[in-house]
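For reference, the structure discussed in these notes is given below.
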Amino acid sequence: MASHGFWFLGAENATGNGSQSPNTPRAWCQAAAQKFTGGIGSKLCALLNVGEAEKTAQAQVKAEDGSTVESCGCNKPCNCPKATVCFSDLYSTDLLPALDGDAKTMNFLQEVVDILLAYIVESFDRSTKVIDFHYPNELLQRNNWELSDEPETLDDILISCRATLKYAIKTAHPRYFNQLSTGLDMVGLAADWLTSTANTNMFTYEVAPVFVLLEYVTLKKMREIIGWQDGRGDGIFSPGGAISNMYAMLLARYKMFPEVKEKGMSSVPRLVAFTSEHSHFSIKKGAAALGIGTESVICIKADERGKMIPSDLERRIIEAKQKGYVPFFVSATAGTTVYGAFDPLMAIADICKKHDVWMHVDGAWGGSLLMSRKHRWKLNGVERANSMTWNPHKMMAVPLQCSALLVREEGLMQSCNQMQACYLFQQDKHYDLSYDTGDKALQCGRHVDIFKLWLMWRAKGTIGFEAQIDKCLELSEYLYNKIKDREGYEMVFDGKPQHTNVCFWYLPPGVRYLEDKVEKMKRLHKVAPVIKARMMEYGTTMVSYQPQGDKVNFFRMVISNPAATFEDIDFLIEEIERLGQDL
């Protein structure tokens with residue numbers, strides 16, 4: 001018999017007089033109170049807070065054990081008791097799996113949920129601060145953060161939860177623009193809660209059957225979007241784009257010199273990798289971690305917009321060969337961190353093919369533009385890459401962390417990384433061992449990062465992500481158009497940005513008209529840090545800044561927050577001018 005859904009529990013207790021539908025929340029509430037032991041049904045009723053009328057004054061009733069409890073707070077009286085819990089008398093050992101710990105656990109978790117929900121609602125309220133800033137020494141003194149030998153009460157634990165969120169940065173706030181990862185998606189948040197509740201590991205199908213299958217399905221879909229035939233290939237979710245990039249370098253080295261896995265770097269010639277001078281620092285970090293060395297990463301010149309110059313890439317590859325080095329890896333960038341530039345992938349692919357070098361695309365920031373029919377042309381040529389990094393926790397606003405490495409060659413990750421630990425990857429299991437994905441990862445324990453992305457994709461559809469991404473790019477173009485000719489603003493580079501990165505200087509009146517260029521640049525270099533500090537102290541907004549090459553500090557505005565609007569962009573401009581007018 002088909003299930004009638006969540007509320008069907010109350011059907012058998014429904015009366016035949018039509019006074020109450022068996023599928024109403026109240027009917028379910030009453031049935032649950034009778035069905036579940038230990039007061040769980042009563043607590044569920046209290047949490048659901050069902051009913052339609054005005055809330056009645058909280059009355060006190062007697063529980064079966066004689067203790068005093070409050071009414072559940074239902075809008076319509078339903079006799080659902082809600083225990084008055086004194087958390088100052090309780091400890092973590094009173095919660096499940098403690099005997100009779102179910103009611104205490106539900107009350108405690110409900111308190112935590114209430115704290116979280118209040119924080120979420122507050123985060124989207126533009127009248128609230130993005131940050132309640134305190135200097136490190138002040139924050140250390142304001143609360144007791146030290147760990148003790150003796151346990152604290154659950155009341156203390158709840159106080160710690162509130163204090164932590166009080167001083168946390170509201171990354172969901174519509175006026176938070178500080179990082180590439182911003183915003184808070186409600187479905188993604190729900191998925192994260194579920195993931196933590198499941199609390200499992202991604203290394204084998206036997207301990208994470210659904211999550212392993214969802215990773216398989218989602219990675220295949222992402223490879224299809226890249227343009228690899230039938231979505232064939234491989235991939236894995238890793239702890240961030242830096243690790244995904246290192247995976248790619250590891251695979252490229254193994255592909256060219258498989259003996260390095262057993263014999264180490266002494267068995268191979270001097271390897272060199274190539275990347276743009278505007279690329280992410282993780283390329284050099286990966287080379288350092290893999291024993292290749294940062295001096296073996298050759299930085300290729302970029303044009304004035306931050307794009308790699310293909311002719312310089314080929315020149316440096318030929319030069320390296322002439323020195324006896326072996327070029328093995330080129331990392332092109334789809335969406336650089338500062339300028340948001342997209343390297344010319346098609347031209348780079350031609351060079352990599354000509355010189356037989358692994359081509360990787362670091363699309364941690366810009367890869368999500370593949371979801372947009374309007375903007376995916378910026379990644380033309382990505383289908384020719386051997387691997388790609390793609391971070392859905394950036395432009396797709398999936399909760400941190402969610403980063404994927406996609407690989408065109410199937411089986412390469414397994415042969416490169418497998419160690420065949422017999423206590424995990426037994427070869428005589430009763431299911432298809434290809435779903436035991438843990439041996440192709442560098443990690444043993446691997447967090448479940450897939451469910452957030454998968455559930456959000458189900459909720460939004462591809463077209464929903466597309467609309468979200470297109471909106472962010474529309475907002476960045478709006479900002480660019482507002483300030484490019486506005487008095488007191490100067491763009492770092494000419495032309496409309498390719499991504500949501502809008503890089504600009506704000507020149508306060510005291511700097512704007514200086515004729516001494518050296519003095520002007522010296523003072524301008526200090527403007528962005530001061531305005532940023534004031535933003536944080538007032539708590540009104542947050543936007544990043546940095547120097548680049550010989551350019552003094554400038555603002556780098558990035559938009560990935562789905563909650564941001566045109567009004568928030570207007571506010572940012574006005575706030576920068578307000579905070580910097582006296583400089």
Residue pairs, two or more places apart or on separate chains, that pass side-chain hydrogen bond (donor to acceptor under 3.5 Å, both in side chains) and touch residues 347-358: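 Sorted pair list: Glu314-Lys354, Glu314-His355, Lys321-His355, Asp350-Arg384, Trp358-Ser387.
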Any donor-acceptor N/O pair, Tyr205 side chain to Leu213 backbone, under 3.5 Å: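 Flag not set: sc Tyr205 to bb Leu213 has no pair under 3.5 Å.
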Donor-acceptor contact present, side-chain Lys301 to main-chain Glu277, <3.5 Å: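 Absent.
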Check: [Y] and [X] side chains under 4.5 Å, non-hydrogen atoms:
| X | Y | value |
| --- | --- | --- |
| Thr337 | Phe281 | no |
| Ser544 | Gln179 | no |
| Thr182 | His393 | no |
| Leu424 | Cys444 | yes |

Will you find, in the side chains of [X] and [Y], an N or O donor that is under 3.5 Å from an N or O acceptor?
| X | Y | value |
| --- | --- | --- |
| Lys532 | Asn178 | yes |
| Ser282 | Asn245 | yes |
| Ser372 | Asp470 | yes |

State the [atom1]-[atom2] distance between [X] and [Y], to the nearest 0.5 angstrom.
| X | Y | atom1 | atom2 | result |
| --- | --- | --- | --- | --- |
| Ile226 | Glu224 | CD1 | CD | 10.5 Å |
| Tyr176 | Ser181 | OH | OG | 8.5 Å |
| Ile576 | Met535 | CD1 | CE | 4.5 Å |

Can you tell me how the ring of [X] sits relative to the ring of [Y], calling it parallel under 30°, perpendicular over 60° and tilted otherwise?
| X | Y | answer |
| --- | --- | --- |
| Tyr489 | Phe504 | tilted |
| Tyr339 | Phe493 | tilted |
| Trp505 | Phe554 | perpendicular |

With Trp365, the side-chain hydrogen bond (donor to acceptor under 3.5 Å, both in side chains) member among Thr500, Asn391, Asn501, Thr389: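 Answer after filtering Thr500, Asn391, Asn501, Thr389: Asn501.
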Pair Asp185 + Lys452: basic N to acidic O under 4.0 Å: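 Salt bridge: no.
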Pairing of Glu409 and Lys255 as salt bridge, 4.0 angstrom limit: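 Yes.
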Considering residues, nucleotides and ligands other than [X], do more than 12 of their heavy atoms fall under 6.0 Å from its [atom1]?
| X | atom1 | answer |
| --- | --- | --- |
| Gln414 | CD | yes |
| Lys440 | NZ | yes |
| Asp230 | CG | yes |

CA sep, side-chain torsions, deciding dist, call: His525, Lys522, side chain to side chain donor-acceptor pair (under 3.5 Å): CA-CA 5 Å; His525 186 64; Lys522 181 179 177 181; over 6 Å; no
Worked check of salt bridge (Lys or Arg N to Asp or Glu O under 4.0 Å) between Glu537 and Lys129: CA-CA 10 Å; Glu537 287 167 359; Lys129 290 184 175 183; over 6 Å; no
Sub-6.0 Å ring centroid separation between Tyr423 and Phe425: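 They do not qualify: ring centres at least 6.0 Å apart.
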Centroid-centroid under 6.0 Å between Phe211 and Phe451 rings: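 Centroid distance Phe211-Phe451: below 6.0 Å, so yes.
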